[in-house]
Chemist: 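Pasting in a structure now, in structure tokens, and then I'll have a few things to ask.
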Number of protein chains: 2
Amino acid sequence: MQRTLSDISYNPEEIAIAAMAKALSHPVRIRILRLLAEQTCCFTGELTELIPMAQSTISQHLKALKEAGLIQGEINPPKVKYCIDREQWGKARTLVGEFFRLNGHAGCC
Amino acid sequence: MQRTLSDISYNPEEIAIAAMAKALSHPVRIRILRLLAEQTCCFTGELTELIPMAQSTISQHLKALKEAGLIQGEINPPKVKYCIDREQWGKARTLVGEFFRLNGHAGCC
DNA sequence: TTAGTTCATCGTAAATATACGATTGATTTG
DNA sequence: CAAATCAATCGTATATTTACGATGAACTAA
């Protein structure tokens with residue numbers, strides 16, 4: 001795979017949107033984000049209790065979300081507090097929003 | 001894999017958003033959507049000329065976008081005209097827009 | 001009919017994603 | 001210090017994605 005991907009020069013926006021979308025491409029990650037966003041205050045591994053998945057799996061998904069910049073974790077021994085990274089979240093919203101503002105032209109198909 | 005996925009009951013919105021995001025999770029699909037959206041009129045396999053990838057690969061990506069409902073193809077022998085499915089596109093925008101309206105609470109982390 | 005065009009699909013190889021249990025590392029508590 | 005807790009990481013099995021070339025199906029043109 002990826003035999004030609006490197007030959008295509010994507011612009012940064014295309015890459016950013018795709019990376020963004022990839023982070024959102026699994027339902028459990030959507031669930032996690034919803035849970036984090038809905039909490040009155042920040043969250044920790046209660047996720048492990050709310051989501052019937054192995055702790056290691058949830059940790060993996062959290063890592064993916066963190067790497068995408070959507071959430072941030074604050075070590076708060078002996079726990080870790082996760083929450084939406086509001087700044088990045090806003091940027092993502094803008095990015096995706098602008099992309100969706102594109103539209104097919106009338107009279108097509 | 002998927003050993004527990006079926007045990008978790010995701011709600012339809014979570015599934016829809018994740019599916020949507022998955023369709024957008026590859027830069028070449030973002031590129032394709034942009035190309036389709038920017039064309040004054042609808043498109044066919046000129047994509048094959050604009051994107052340095054095997055025709056079969058592009059066809060595969062088009063299929064993914066079609067299955068996600070984002071584009072539609074109209075057979076127009078001997079070619080096929082693709083374009084943004086504006087109705088679905090609008091729905092996707094709403095879905096994603098609402099999701100992004102979620103936000104972490106102030107005072108977190 | 002025959003050849004050519006266009007696109008989808010098949011078969012396949014390699015990369016990546018996803019899940020688990022087990023282990024490790026950091027920190028707190030006794 | 002020892003034991004307990006919490007979360008990350010490791011190792012691994014399986015599924016999915018992604019890419020390619022080759023083939024096939026539908027249609028046009030000669």
Side-chain angles (χ1 to χ4, degrees), chain A residues 1-10 14-15 18-32 35-36 42-68 71-83 109, chain B residues 1-10 14-15 18-32 35-36 42-68 71-83 109:
Chain A
M1 203 177 69
Q2 233 92 322
R3 272 165 287 186
T4 52
L5 249 189
S6 50
D7 300 340
I8 303 184
S9 58
Y10 298 106
E14 287 168 335
I15 290 174
M20 189 49 234
K22 179 172 269 182
L24 300 178
S25 71
H26 193 294
V28 86
R29 288 197 289 270
I30 300 294
R31 167 76 57 97
I32 288 172
L35 288 169
L36 288 179
C42 273
F43 239 67
T44 69
E46 286 122 312
L47 292 170
T48 312
E49 290 168 22
L50 291 173
I51 301 173
M53 271 185 169
Q55 176 265 323
S56 57
T57 303
I58 292 176
S59 191
Q60 229 170 355
H61 285 298
L62 286 170
K63 186 182 179 187
L65 290 171
K66 204 158 64 173
E67 280 173 358
I71 65 175
Q72 54 188 164
E74 179 183 285
I75 297 173
N76 200 349
K79 304 199 175 183
V80 176
K81 217 160 65 163
Y82 278 107
C83 62
C109 293
Chain B
M1 205 177 68
Q2 234 92 321
R3 274 166 285 186
T4 53
L5 250 188
S6 50
D7 301 338
I8 303 184
S9 57
Y10 297 106
E14 287 168 336
I15 291 173
M20 188 51 233
K22 179 172 266 181
L24 299 179
S25 72
H26 193 295
V28 86
R29 290 198 288 268
I30 300 293
R31 169 77 56 95
I32 289 172
L35 288 169
L36 288 178
C42 272
F43 239 68
T44 68
E46 286 124 312
L47 291 170
T48 312
E49 290 169 23
L50 291 174
I51 301 173
M53 271 183 168
Q55 177 265 324
S56 58
T57 303
I58 291 176
S59 190
Q60 228 170 356
H61 285 297
L62 287 170
K63 187 181 179 188
L65 290 171
K66 205 158 64 174
E67 281 173 356
I71 65 174
Q72 56 189 161
E74 179 182 283
I75 296 173
N76 200 350
K79 304 199 176 183
V80 175
K81 218 160 65 163
Y82 277 107
C83 63
C109 296

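So that the names make sense, note that chain A is the first sequence line, chain B the second, and so on, each numbered from 1.
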Chemist: Hey, what do you get for CG (A/Leu36) to NZ (A/Lys81), rounding to the nearest 0.5 Å?
Modeler: 12.0 Å
Chemist: Go through D/dT18, D/dT17, C/dT9 for me and flag the one nearest to the B/His26 side chain.
Modeler: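 Nearest to the side-chain atoms of B/His26, counting from C-beta on, is D/dT18.
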Chemist: Measure NZ/B/Lys63 against P/D/dC20 and give the value in whole Å, please.
Modeler: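 Between P of D/dC20 and NZ of B/Lys63: 17 Å.
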Chemist: Distances for protein N/O vs nucleotides 1-8 of chain C N/O pairs under 3.5 angstrom?
Modeler:
residue: C/dT6; atom: O4'; partner: B/Pro78; partner atom: O; Å: 3.3
residue: C/dT6; atom: O3'; partner: B/Pro78; partner atom: O; Å: 3.4
residue: C/dC7; atom: OP1; partner: B/Gly45; partner atom: N; Å: 3.2
residue: C/dC7; atom: OP1; partner: B/Val80; partner atom: N; Å: 3.2
residue: C/dA8; atom: OP1; partner: B/Tyr82; partner atom: OH; Å: 2.2
residue: C/dA8; atom: OP2; partner: B/Ser59; partner atom: OG; Å: 2.7
residue: C/dA8; atom: N7; partner: B/Gln55; partner atom: NE2; Å: 2.9
residue: C/dA8; atom: N6; partner: B/Gln55; partner atom: OE1; Å: 3.1

Chemist: Atom CZ of A/Arg29 and atom C1' of C/dA17: how far apart are they, to the nearest Å?
Modeler: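 Whole-Å distance recorded here is 8 Å.
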Chemist: Does a side-chain N or O from B/Thr57 land closer than 4.0 Å to OP1 or OP2 of D/dT18, or not?
Modeler: no
Chemist: Which distance, rounded to the nearest 0.5 Å, do you find between the CD of B/Glu67 and the CG of B/Leu62?
Modeler: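 If we round to the nearest 0.5 Å, B/Glu67:CD and B/Leu62:CG are 11.5 Å apart.
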Chemist: If you round to the nearest 0.5 Å, how far is NZ of B/Lys63 from CD1 of B/Ile71?
Modeler: 12.5 Å
Chemist: Output side-chain donor-acceptor pairs under 3.5 Å for residues 46-61 of chain A, partner residues at least two apart or in another chain, one line each.
Modeler:
residue: A/Glu46; atom: OE1; partner: A/Thr44; partner atom: N; Å: 3.2
residue: A/Glu46; atom: OE1; partner: A/Thr44; partner atom: OG1; Å: 2.8
residue: A/Thr48; atom: OG1; partner: A/Gly45; partner atom: O; Å: 3.1
residue: A/His61; atom: ND1; partner: A/Arg29; partner atom: NH1; Å: 3.0

Chemist: Assess whether side chain to side chain contact (heavy atoms under 4.5 Å, CB included) is satisfied between B/Glu74 and B/Tyr82, documenting all intermediate values.
Modeler: CA-CA 6 Å; B/Glu74 179 182 283; B/Tyr82 277 107; over 6 Å; no
Chemist: Quick check for you: to the nearest 0.5 Å, what is the distance between A/Met20 atom CE and B/Ile30 atom CD1?
Modeler: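 Nearest 0.5 Å value for the CE-CD1 distance: 11.0 Å.
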Chemist: Rounded off to whole Å, could you give me the NE2-to-P distance for the B/His61 and D/dT18 pair?
Modeler: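 My rounded result for the distance is 6 Å.
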Chemist: Calculate the interatomic distance between A/Ile51 atom CD1 and D/dA7 atom P; express it in whole Å.
Modeler: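 Interatomic distance, CD1 of A/Ile51 to P of D/dA7: 13 Å.
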